[in-house]
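The structure appears right after this line, and notes come after that.
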Amino acid sequence: MTGDPSRQPGAGHTRRRGAALEEAILRAAVDELTESGYAGLTMDKVAARAGTNKNTLYRRWPNRLALGIAAYRQLASTVAPPDTGDLRSDALELLRQANRHWSSPLGSILRELISASGGASELLAQVQEQSGDAVAAPWLIVLGRAVARGEASPEALHPRVATVAIVLLRNEFVLRGIPSAPDDVLVEIVDEVYLPLVRRRGPASS
């Protein structure tokens with residue numbers, strides 16, 4: 001009976017367990033996702049590429065979509081939040097980064113994942129399950145700096161408030177089915193919604 005290749009040292013292979021094995025699987029999934037998109041991603045292909053078997057994958061990811069999301073997160077490496085010294089400029093740059101991402105080859109993979117997961121909100125929930133508050137992190141950093149400079153209210157430092165702008169931009173992508181949003185839409189989101197919200201937000205009245 002053949003055992004799990006991940007547990008057996010073979011010719012030219014070292015025995016891999018834990019984090020090393022997971023890294024090899026994710027690297028294989030990233031390669032498959034990059035080459036074939038989500039439509040071409042299969043557990044069989046990833047297992048073969050990683051030199052393991054499907055059971056090893058299923059012990060870590062319950063299905064192809066979960067593995068695809070994990071691989072996408074590896075691809076979408078975190079970019080340091082902008083620090084221009086001005087909240088408006090920082091917020092616009094964050095939206096412009098997201099806009100460029102959506103229309104890139106990587107954004108095409110993201111759109112496939114959204115479709116496979118049943119919609120943007122469903123995908124976002126799954127991404128957040130795996131990444132904690134990673135979505136809100138750059139916005140909270142930018143907003144925290146603005147609070148320290150006196151540009152925004154301390155009460156605005158809440159994940160739902162901080163991410164209002166990016167949520168509105170995602171709505172543009174999903175509801176309008178566009179590959180990228182015009183820059184004037186980004187400016188409108190920041191000037192008409194985001195800045196008024198974070199600057200005027202205060203303690204709830206008693």
Looking at side-chain heavy atoms only, is the closest gap between Glu188 and Asp184 below 4.5 Å? no

Distance under 6.0 Å and angle within 45° of ring axis: Arg199 vs Tyr194: no

Minimum heavy-atom separation for Leu143 to Ala156, with atom names? CD2-O, 3.2 Å

Rounded distance [0.5 Å steps], OG in Ser89 versus CZ in Arg96: 8.5 Å

To the closest 0.5 Å, what do you measure between CG (Leu140) and CZ (Arg145)? 11.5 Å

Can you name the nearest heavy-atom pair linking Asn63 to Tyr58, along with the distance? CA-CE2, 4.3 Å

Gap between atom CG of Leu67 and atom CG of Leu57 - 0.5 Å precision: 5.5 Å

Any side-chain heavy-atom pair of Leu94 and Val142 under 4.5 Å: yes

For residues Asp183 and Leu186, determine if any side-chain heavy atom of one lies less than 4.5 Å from a side-chain heavy atom of the other. yes

With distance as the sole test, does Glu112 use its side chain to make a donor-acceptor pair with the main-chain N or O of Gly37 at under 3.5 Å? no

Nearest 0.5 Å, what's the CG-CG distance between Asp90 and Leu95? 11.0 Å

Any donor-acceptor N or O pair under 3.5 Å, side chains Ser180, Asn99: no

Minimum heavy-atom separation for Ala71 to Ala29, with atom names? CB-CB, 3.8 Å

Does the pair Glu93 and Gln97 meet the rule for a side chain to side chain contact (heavy atoms under 4.5 Å, CB included), with working shown? CA-CA 6 Å; Glu93 180 54 27; Gln97 287 175 3; 3.4 Å; yes

Apply side chain to side chain contact (heavy atoms under 4.5 Å, CB included) to residues Arg160 and Val164 and explain how you reach the verdict. CA-CA 6 Å; Arg160 290 191 184 278; Val164 161; over 6 Å; no

Under a 3.5 Å threshold, yes or no: a donor from one side chain and an acceptor from the other, between Asn53 and Thr56? yes

Minimum heavy-atom separation for Arg60 and Leu21, please, with both atom names. NH2-CD2, 3.5 Å

Close side-chain approach of Val187 and Glu192, heavy atoms under 4.5 Å: no

Can you check whether Leu168 reaches Glu172 side chain to side chain, under 4.5 Å on heavy atoms? no

For the pair Trp61 and Ile25, evaluate side chain to side chain contact (heavy atoms under 4.5 Å, CB included) and give the outcome as yes or no after the intermediate values. CA-CA 11 Å; Trp61 298 278; Ile25 295 170; 3.4 Å; yes

Heavy atoms of Gly68 and Leu41 approach each other most closely as CA-CD2, 3.7 Å

Evaluation steps, side chain to side chain contact (heavy atoms under 4.5 Å, CB included), between Thr34 and Asp31: CA-CA 5 Å; Thr34 303; Asp31 290 343; 5.5 Å; no

Could you tell me whether the side chain of Glu151 and the main chain of Leu87 form a donor-acceptor pair under 3.5 Å? yes

Under-4.0 Å salt bridge between Lys45 and Glu35: no

Rounded to the nearest 0.5 Å, what separates atom OH in Tyr38 from atom CG in Leu113? 7.0 Å

Path from Ile141 to Leu169 over hydrophobic side-chain contacts below 4.5 Å: no

Asp191 with Arg88: basic N within carboxylate O range, under 4.0 Å: yes

Anything under 30° is parallel, anything over 60° is perpendicular, the rest tilted; go ahead and classify Phe173 against Trp102. parallel

Could you tell me whether the side chain of Arg59 and the main chain of Lys54 form a donor-acceptor pair under 3.5 Å? no

